[in-house]
Amino acid sequence: MIFSIARHELVTLWRQRTLKILLPMMTLLTLLVAVNHWQQQQDFIEVQQQWQQLNNEKWEAQPDRHPHRVAHYGSMAFRVISPLSFLDAGVNPYVGNVLFLEAHRQNSSQFKQYLSSQNYMQLGSMTASTLILLIWPLVMIALAYRTVSGERQQGTLRQVLSLGVSFRQLLLGKALAYMLVTLVFLGLVFGIAAVFLSQAVLDTDIIQRFFWLFALYGLYCAIWVEIILLVSSLTTGNNQSLSALLLVWLLITIIVPKLMSSSADWLYPLPDRAVFDIRTAQAIAQIGDSHNPDDPHFDAFRQQTLDQYGVEHVEDLPVNWRGLVMQEGERITSEAFEAVYADVSRSIEDQRRWVMWGSLLSPYILSRSLSGSLALTSSDHVQRYEMAAERYRYSLIQSLNTLHAEDIDLAHDREQKVSQEYWAQLADFEYQPPPLKADWATMRQSVIVFSLWLFAVFSVLMFIRPRMTAS
Amino acid sequence: MRRYLLELKLFWANRFNRWLLIAYFVAALAAIVMGNNAYKHELSLVAMAEDDYQQSLLDYRDKHDAGELKPGYMGYYLFHPVAQTPSVWTTLFRGERDESPSHLRVRLLGLQTQLNASDPVNADTLLSGQFDLAFVWLFLMPLLIAAMGVNVLADEKSSGRWSMLLSQVAQGRTIINRKLAMPALILAAVNIMILALAVVLTDLHLSWALVGVTVLVLLYQLCWWLICRWIVMLDRSASFNYLAFLSIWLFFSFVIPGLSYLYQVKQQKPGADAAIVFEQRQYMNDSWDRDKYADFADFLERFPTWSDTAPLGDEFDWRWYYAMQHMSDVVVADHVQQRVASKKASYEQGVLFSWFSPVMSLQYGLNRLADADTTAYLNFIEQVSDYHRQLEDFLWSFLFFNKPFEKIDFEHMPDFSYESDPKPWMDATLLKLLLIMGVFVALNLNSVRRAAWW
């Protein structure tokens with residue numbers, strides 16, 4: 001019965017112009033946008049890899065140098081964006097991709113992927129995921145708003161139900177029909193996307209993520225089908241159904257997400273670059289200043305070191321005192337930075353938690369967040385990358401400080417150099433994004449709320465009684 | 001007049017209209033409050049950095065008193081805050097302000113590596129965009145106009161009143177105009193009220209710019225009203241009207257900006273900017289391994305202002321150090337210029353696209369007014385570069401000419417104060433809006449001719 005209802009709904013849809021215009025148009029537009037982004041993405045990945053390689057070559061090609069010079073020369077990390085960015089660019093357009101890692105300072109990422117402003121796309125940037133998550137529900141509304149209200153308005157609802165079809169079956173059949181239309185759309189988009197992806201990516205983790213993205217978008221559309229059927233069943237006529245659905249769409253996809261994130265900014269404000277740097281500098285000064293010979297912290301550190309080695313003067317130490325000071329200084333800088341950074345991270349975490357409350361009103365917020373996590377383009381992934389880069393920076397600089405302490409004599413410290421052979425022995429920065437398995441943990445809460453949405457609307461749908469007549 | 005009053009009563013009696021207007025007003029109010037808060041927050045951060053700066057200057061004065069001040073060290077350790085002070089209009093129109101850092105600290109090292117730092121942000125909030133008054137006006141107001149007006153005819157027809165109404169007037173157009181005028185007038189009044197409220201709640205003052213904004217917003221409203229009226233006159237079903245209006249809205253507010261963006265990024269070379277920081281760092285660090293006398297001689301030849309200086313000795317010399325830092329900016333100057341040019345070009349391309357969308361044209365205008373667009377950012381960057389040069393000149397004059405740094409010299413330390421870009425915002429926006437409106441006026445006239453019963 002459900003299948004014949006679905007078939008009937010599809011035949012009716014097919015007879016209207018709306019589907020024949022909207023489905024190909026949306027598919028083409030989405031593919032056009034995705035293919036365009038694919039090209040850009042591949043070019044960018046290639047360039048970033050070239051930069052990284054050049055960086056590593058230049059690193060090894062350094063002449064004999066004093067280790068502290070090398071620490072200042074530092075290294076650079078070029079973020080390689082996810083190969084799924086062409087489907088969901090996530091936060092890519094908003095974050096820098098070049099990170100200069102040097103001694104004493106935790107620099108911020110510089111240079112975004114593009115120079116253009118995102119500000120003129122307030123409804124969402126032109127990516128496949130926006131088209132699927134934001135625009136496709138609208139297309140479904142246009143296709144389906146009168147699916148129940150229309151039957152009622154024409155009087156066919158009573159007829160159909162009198163034939164022994166239950167209202168639930170009717171809804172399930174209709175839902176099936178609209179899900180099939182959605183799957184055709186998603187299938188075409190993902191089918192062609194898969195062709196592109198298969199040319200460049202063989203990583204099974206990425207392929208799994210690709211399929212989960214498909215599933216996510218499919219289920220998200222299922223929530224919309226449920227909402228549309230619900231509204232169409234509860235409203236008195238086609239016009240009411242359409243205006244109510246458009247209002248719901250506006251609230252779910254635009255107003256609630258924007259309102260939540262703007263208010264998050266208000267409730268949990270963040271410092272800007274200048275103030276962040278000032279706080280870090282103040283935190284460092286509170287512990288100890290490695291460049292001040294009379295600093296009390298370093299006085300105590302000197303005494304402790306002398307006691308440890310059982311000598312009277314730093315000149316008598318078996319290791320280079322200056323190298324030890326550099327090590328301790330780097331430790332302090334890092335500790336201070338981490339404390340200030342942890343403050344900012346807490347605020348960001350509070351902001352995220354606040355926005356997630358909005359997901360009780362908007363499955364769009366959930367899906368966008370899950371989509372970013374699956375596509376490896378969420379702000380969380382960028383943050384993890386930057387933290388890994390900072391860990392690498394710290395260990396690189398400390399290895400150089402160890403070299404300074406052990407291979408350079410205190411007397412005439414600055415004039416000495418270490419052989420260039422050492423440079424190649426220090427590891428390059430290699431970052432592997434977390435595997436999907438690890439990501440599920442961070443997505444758990446979103447997945448639960450998402451499932452709640454799916455089942456809650458479905459349950460309501462299964463228990464409503466239809467109005468028989470239009471008012 | 002009495003008819004208009006009756007029409008007003010009828011409009012207000014509609015619960016749906018009433019609630020929408022109230023929601024719109026509350027949304028605008030929330031946007032103003034949040035915008036004002038963001039503005040105040042920015043000012044407080046700027047003040048905080050300024051306090052810290054003054055404190056460090058005091059510390060250096062103390063050092064001077066103790067005879068311990070070394071100007072060379074001061075160039076390295078003293079950070080000077082630079083802020084693109086927000087225009088009070090950013091309370092209402094945040095524009096591109098959150099996209100690039102507007103508050104940094106610079107010191108006498110190579111500038112480019114410092115200039116392109118980024119703010120600690122939650123990129124998710126950038127992704128959602130700000131809920132500011134610009135958003136409420138540009139994106140939500142058209143929908144409100146449609147909700148209140150696009151079905152005035154279809155509703156009368158479906159309720160069966162239309163033929164009765166039509167029999168009372170010579171032209172059906174009169175009724176439609178009256179029915180459409182009512183929500184438009186009320187909305188205009190609400191919009192003016194919102195602006196007035198903004199003046200009361202924020203630091204905005206009465207000014208010609210405020211008059212300009214009022215004119216533009218009312219014109220923008222009129223533009224969407226014309227679109228709405230055109231759809232009404234097509235005399236189709238209510239659902240068609242909604243969907244047609246929504247398609248036009250999406251076209252202007254999503255499709256054109258999206259295509260504009262795709263076009264802009266297509267013109268750019270990916271990853272090119274990395275050269276700026278990569279080559280700067282390479283040059284700076286390699287200079288320790290090069291012949292410092294030759295490098296310094298080369299620097300003096302390039303910048304003869306400083307050539308009247310003592311020769312370098314064997315010891316580390318701040319003059320050489322700062323000269324190399326400066327040269328590291330010089331060697332990447334071409335890349336920097338390329339970046340600025342690309343950014344400018346991208347902005348200009350966007351402006352070009354804005355001729356085809358009322359949303360974009362007003363948005364570019366408002367962002368310009370609020371000094372929160374690419375032009376403003378590039379202007380800020382240029383002023384920071386100038387300031388950096390002044391700082392160099394100031395400190396170098398002591399180092400290169402071996403002049404003692406007196407306590408009074410702290411008074412001469414250059415200050416940074418941002419000057420907003422005075423580029424006009426009103427004329428082009430007005431012209432664009434009028435042209436787009438012209439198209440819809442023509443469509444309105446055309447549909448009048450087609451519908452016989454008008």
Side-chain angles (χ1 to χ4, degrees), chain A residues 36 40 43-44 47-48 51 58 63 69 72-73 76 78 91 94-96 98 100 107-111 114-123 125-126 142 238-239 242-243 246 250 257-259 261-266 269-278 344 348 351-352 355 379 382, chain B residues 34 37-38 41 45 48-49 52 81 95-96 99 101 103-105 113 116-131 135 139 143 238-239 242-243 246 253-254 257-258 260-262 264-265 268 270-271 273-274 277-278 281-282 285 288-289 342-343 346 350 360 363 367 374:
Chain A
N36 192 57
Q40 310 263 352
D43 289 351
F44 188 56
V47 171
Q48 290 290 90
W51 276 120
K58 292 266 182 194
R69 275 259 39 77
H72 273 285
Y73 176 68
M76 287 175 76
F78 296 87
V91 300
Y94 302 96
V95 295
V98 177
F100 176 29
N107 292 311
S108 55
S109 292
Q110 311 184 52
F111 304 121
Y114 303 123
L115 292 162
S116 311
S117 168
Q118 298 277 322
N119 183 250
Y120 303 89
M121 295 179 294
Q122 286 291 318
L123 298 186
S125 60
M126 192 59 123
N238 286 341
N239 287 339
L242 181 63
S243 45
L246 293 179
L250 189 68
K258 246 184 207 301
L259 210 51
S261 75
S262 259
S263 49
D265 239 6
W266 178 26
L270 299 175
D272 56 22
R273 174 49 48 197
V275 170
F276 182 89
D277 286 351
I278 290 171
V344 172
I348 291 180
Q351 289 190 349
R352 283 192 190 141
V355 172
S379 57
V382 174
Chain B
M34 288 194 288
N37 187 75
H41 178 60
L45 293 177
M48 203 186 290
D52 176 75
E96 302 175 24
E99 291 183 8
H103 190 203
L104 298 164
R105 299 197 308 160
T113 315
N116 294 299
S118 51
D119 283 328
V121 288
N122 174 4
D124 290 333
T125 60
L126 291 177
L127 186 61
S128 292
Q130 286 289 340
F131 193 91
F135 173 74
F139 294 85
L143 295 178
S239 306
Y242 271 137
L243 293 175
L246 202 72
S253 64
F254 178 73
S260 160
Y261 181 76
L262 287 186
Q264 289 171 47
V265 301
Q268 295 162 23
D273 289 336
V277 49
F278 193 89
R281 147 194 180 250
Q282 201 66 35
N285 284 283
W288 290 83
D289 302 308
S342 300
K343 224 168 153 53
S346 172
M360 279 178 90
Q363 201 177 1
N367 288 357
T374 305

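A note on names: the letters A, B, ... follow the listed sequences, proteins ahead of strands, and every chain is numbered from 1.
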Atom OG1 of B:Thr125 and atom CH2 of A:Trp266: how far apart are they, to the nearest 0.5 Å? 15.5 Å
What is the minimum heavy-atom distance between B:Ser346 and A:Ser116, and which atoms define it? OG-OG, 2.8 Å
Who wins among B:Ala123, B:Ala38, B:Pro81 for the most heavy-atom pairs under 4.5 Å with chain A? B:Ala123
Between B:Asp273 and chain A, with a heavy-atom cut-off of 4.5 Å, which part of the residue counts as in contact: side chain, backbone, both or neither? both
From A:Trp51, A:Phe111, A:Phe100, residue fulfilling ring-ring contact (aromatic ring centres under 6.0 Å, His included) relative to B:Phe278: A:Trp51
One option among A:Ser109, A:Gly96, A:Pro271, A:Ala274 has the most heavy-atom pairs under 4.5 Å with chain B, and it is A:Ala274
Under 4.5 Å, counting heavy-atom pairs only, tell me which of A:Asp277, A:Val344, A:Val355, A:Asn107 racks up the most with chain B. A:Asp277
Under 4.5 Å, counting heavy-atom pairs only, tell me which of A:Asn238, A:Val98, A:Ile348, A:Val47 racks up the most with chain B. A:Ile348
Minimum heavy-atom separation for A:Leu115 to B:Lys343, with atom names? O-NZ, 3.2 Å
Minimal non-hydrogen separation, A:Arg273 against B:Pro120, with atom names: N-CD, 3.7 Å
Would B:Asn367 and A:Tyr120 count as having a side-chain donor-acceptor pair, cut-off 3.5 Å? yes
The interface call for B:His103 against chain A, heavy-atom contacts under 4.5 Å, is both
Could you look at A:Ile278 and say if it's the side chain, the backbone, both or neither that has a heavy atom under 4.5 Å from chain B? both
Taking it one step at a time, do B:Met34 and A:Ser263 satisfy side-chain contact (heavy atoms from CB on, under 4.5 Å)? CA-CA 7 Å; B:Met34 288 194 288; A:Ser263 49; 4.0 Å; yes
Less than 4.5 Å apart, side chain to side chain, heavy atoms only: is that true for B:Leu126 and A:Val95? no
So, for B:Gly258 and A:Met121, which heavy atoms are closest and what is the spacing to 0.1 Å? CA-SD, 3.8 Å
What's the spacing between A:Leu270 CG and B:Leu45 CG if we round to 0.5 Å? 9.5 Å
Who among A:Ala142, A:Pro257, A:Pro269, A:Ser125 has the most heavy-atom pairs with chain B under 4.5 Å? A:Pro269
NZ of A:Lys258 to CZ of B:Phe139: how many Å apart, nearest 0.5 Å? 7.0 Å
Considering all heavy atoms, the nearest B:Tyr242-A:Asn239 contact: CE1-O, 4.4 Å
Residues at least two apart in sequence or cross-chain that pass side chain to side chain donor-acceptor pair (under 3.5 Å) with A:Gln48, listed by chain then number, are none
Donor-acceptor pair between A:Gln118 and B:Tyr261 side chains, under 3.5 angstrom: yes
Top contributor to chain B interface from A:Phe78, A:Tyr94, A:Tyr114, A:Tyr73 [non-hydrogen pairs under 4.5 Å]: A:Tyr73
Can you tell me how far CG of A:Asp272 sits from CG of B:Asp119, rounded to the nearest 0.5 angstrom? 5.5 Å
Region of B:Thr113 that comes under 4.5 Å of a non-hydrogen atom in chain A: both
Can you tell me how far apart CD (A:Gln40) and CD (B:Gln268) are? Round to the nearest 0.5 Å. 8.5 Å
Sidechain-backbone polar pair: A:Arg69 side chain, B:Trp288 backbone, donor-acceptor under 3.5 Å: no
Just so I understand: if I count every heavy-atom pair under 4.5 Å between each of B:Asp52, B:Thr374, B:Leu104 and chain A, which residue has the most? B:Asp52
So, A:Asp265 versus B:Gln130: side-chain donor-acceptor pair below 3.5 Å or not? yes
Going by distance alone, is a donor N or O of one side chain under 3.5 Å from an acceptor N or O of the other, for A:Asn119 and B:Glu96? no
Heavy-atom pair of closest approach, residues A:Gln110 and B:Ala117: OE1-N, 4.3 Å
Largest heavy-atom contact set with chain A, pairs under 4.5 Å, which of B:Leu243, B:Val277, B:Leu143: B:Val277
Using non-hydrogen atoms and a 4.5 Å limit, figure out which bit of A:Phe276 sits close to chain B: side chain, backbone, both or neither. side chain
Is there a donor-acceptor contact under 3.5 Å linking the side chains of A:Ser261 and B:Asp124? no
Most contact-rich option vs chain A, by heavy-atom pairs under 4.5 angstrom, among B:Gly350, B:Ala49, B:Gly95, B:Ser260, is B:Gly95
Residue part contacting chain B, namely of A:Leu246, when any heavy atom lies under 4.5 Å: side chain
Report the distance from atom CD of A:Gln122 to atom CE of B:Met360, rounding to the nearest 0.5 Å. 11.5 Å
